[in-house]
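Since this is a predicted model, take the numbers as computed values, not measurements. First listed ligand is number 1; within each ligand, the first listed atom is number 1.
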Amino acid sequence: LAARMKVKASEVIAKLMGLGVMATMNQVVDIETATLIATDFGYEVEQGITEEIGIQLLDAQEEGGETKMRPPVVTVMGHVDHGKTSILDAIRKTDVAEGEAGGITQHIGAYHVRSKAGDVTFVDTPGHAAFTEMRSRGAQITDLVILVVAADDGVMDQTKEAINHAQAAGVPILVAVNKIDKDNADPDRVKRELSDFGLIPEDWGGQTIYCETSAKKNVGIDELLENIQLMAEMLELQADASRKAKGRVVEAQLDKGRGAVATVLIQDGTLRNGDYFVVGQYSGKVRAMRDDKGRPIREAGPSAPIEVQGLSGVPLAGDEFIVVTDEKMAKNVSQARSMKVRETELAAGSKISLDKLFEKMSEGDVQELRVIIRADVQGTLEAFAKAAEELSTETIKVRVLHEGTGTITESDILLASASDAIIIGFNVRPTAKIKDLASRENVDLRSYDVIYHALDDIRKAMLGMLDPTF
Ligand code: GDP
């Protein structure tokens with residue numbers, strides 16, 4: 001910190017002592033302390049880069065850049081068989097750059113399409129699980145969601161799930177009503193059904209853009225791409241290519257020949273060969289980069305999905321990737337981060353649970369008890385949701401975040417984890433795998449056979465009278 005501010009270390013230590021922090025030369029200080037100290041010396045600390053130790057002080061040359069529009073980053077979601085893959089394939093065929101690579105696209109979890117309407121980056125992670133997993137790590141990489149709904153089938157379970165995930169993350173939704181070529185296609189029915197979820201079409205006085213498509217007959221794809229650009233413009237997505245790169249990991253793995261490799265989505269700045277970086281709790285130097293078509297590249301700008309080699313370990317999806325000035329900095333930050341990771345693992349028990357509800361309410365930490373419900377039959381869901389919401393008091397609101405018939409899914413756990421919700425199941429038995437995931441994510445998962453018992457537990461928890469469970 002002292003070096004970056006070009007002041008003597010002893011001066012910083014003296015200031016720290018003034019704040020009651022006994023520090024040595026090589027000690028890591030947290031962001032709040034670093035901010036206080038830096039402000040005292042007339043510097044500004046750039047937050048959000050490394051929450052733990054935001055010692056990326058704004059250099060003079062870092063400030064002068066110019067922000068420009070960057071391409072939108074899009075995730076396609078929807079019920080199985082409604083045409084997600086087909087729409088993505090149809091979009092890919094419009095790629096004016098595709099021909100050069102001979103049509104061979106590497107699977108790196110994200111790809112970039114240059115269409116006549118403009119550039120788009122698609123994050124092609126398997127389903128919403130990845131989307132929510134990232135969010136539970138505080139990462140937001142998607143600018144907008146394309147919700148694919150088949151015009152002959154309407155809103156189904158995974159459609160609702162996708163809406164819940166996108167809305168919980170605050171990501172705007174563009175609807176593609178697909179399969180309009182089918183005889184029994186009924187786009188108006190889709191619009192009516194989706195309106196119940198707040199997705200009211202523009203021509204009905206709402207704000208949601210609907211595109212009618214047939215991925216099979218290649219109808220409406222250009223309009224879809226144009227509307228993506230329209231939404232991107234409204235969202236005013238900006239980036240400054242002259243800065244040091246910042247991004248997020250989309251996926252990562254250990255490759256036999258190349259060591260740890262990660263697909264990184266650049267969110268700001270430009271990444272170059274030879275740059276030193278920190279990624280999650282690891283560090284490294286860019287040894288080689290490839291684009292989504294497998295071509296070697298030397299630099300990558302905003303919204304580009306690229307594969308990076310030269311990592312010291314395999315990071316997690318959603319981890320932050322950030323270029324730092326030199327190797328020493330990279331190592332220091334990654335060291336501090338792995339320490340922090342251990343601390344957080346220890347503190348992970350602090351998620352919401354019915355047992356801790358009263359305690360957290362009293363501390364003012366929660367004003368809302370979020371619940372995800374699963375039941376064997378629809379009737380139970382409705383009855384319980386209504387009764388549970390009626391338990392709301394002035395101090396705490398009970399809100400049903402998601403409900404569905406059938407067994408508790410991985411996606412439920414991830415949504416609960418990301419949204420700090422509890423899960424209640426009626427006559428549905430979670431599998432061992434699900435229980436395991438719930439305990440890893442510290443999600444409170446409860447099974448009941450009678451509505452009354454569940455309501456009773458919630459009521460007691462709100463009053464701080466719940467018997468501890470063993
Ligand atoms: P996904 O599971 O959402 O990725 O759905 P797919 O893209 O795999 O499509 C499921 C099925 O629907 C496939 O048999 C597709 O050929 C078919 N399909 C996709 N789009 C259309 C369409 O616009 N019209 C018709 N008639 N069939 C389609």
Taking V398's backbone N and O only, do any of them form a donor-acceptor pair with S392's side chain (distance below 3.5 Å, no angle check)? yes

Can any side-chain N or O of D255 pair as donor or acceptor with the backbone N or O of V261 at less than 3.5 Å? no

Part of K216 within contact of ligand 1 (heavy atoms, under 4.0 Å): both

The answer for which part of D181 has a heavy atom under 4.0 Å from ligand 1 is side chain

What atoms of ligand 1 come closer than 4.0 angstrom to any heavy atom of [X]?
X	answer
K182	26 (N)
H79	3 (O)
K84	1 (P), 2 (O), 3 (O), 4 (O), 5 (O), 7 (O)

Is A215 in polar range of ligand 1, meaning some N or O pair under 3.5 Å apart? yes

Below the 3.5 angstrom mark, is there an N/O of G83, backbone or side chain, next to an N/O of ligand 1? yes

With side-chain contact (heavy atoms from CB on, under 4.5 Å) as the test, pick out the partner of Y111 among V120, D291, T263, D292. D292

L445 and its side-chain contact (heavy atoms from CB on, under 4.5 Å) partner, picked from I434, D412, I372: I434

Between V145 and A166 the two heavy atoms that sit nearest each other are CG2-CB, 4.0 Å

Where is the tightest heavy-atom contact between F277 and V286, given as atom of each residue plus distance? CE2-N, 3.5 Å

To check your reading of the model: name the closest protein heavy atom to atom 20 (N) of ligand 1, its residue, and the distance in Å. N178 ND2, 3.1 Å

Closest non-hydrogen protein atom to atom 21 (C) of ligand 1, residue and atom name please, with distance? K179 CG, 3.6 Å

Taking only non-hydrogen atoms of K217, do any sit less than 4.0 angstrom from ligand 1? no

Can you find a protein heavy atom closer to atom 10 (C) of ligand 1 than 4.0 Å? yes

Heavy-atom protein neighbour under 4.0 angstrom from atom 3 (O) of ligand 1: yes

Salt bridge (charged side-chain N to carboxylate O under 4.0 Å, His left out) with E390: which residues, sequence neighbours excluded? K386

Tell me the nearest of S86, A176, A90 to atom 6 (P) of ligand 1, using heavy-atom distances. S86

Can you tell me if CD on Q207 sees more than 12 non-hydrogen neighbours from other groups inside 6.0 Å? no

Is it the case that more than 12 heavy atoms not belonging to E236 sit under 6.0 Å from its CD atom? no

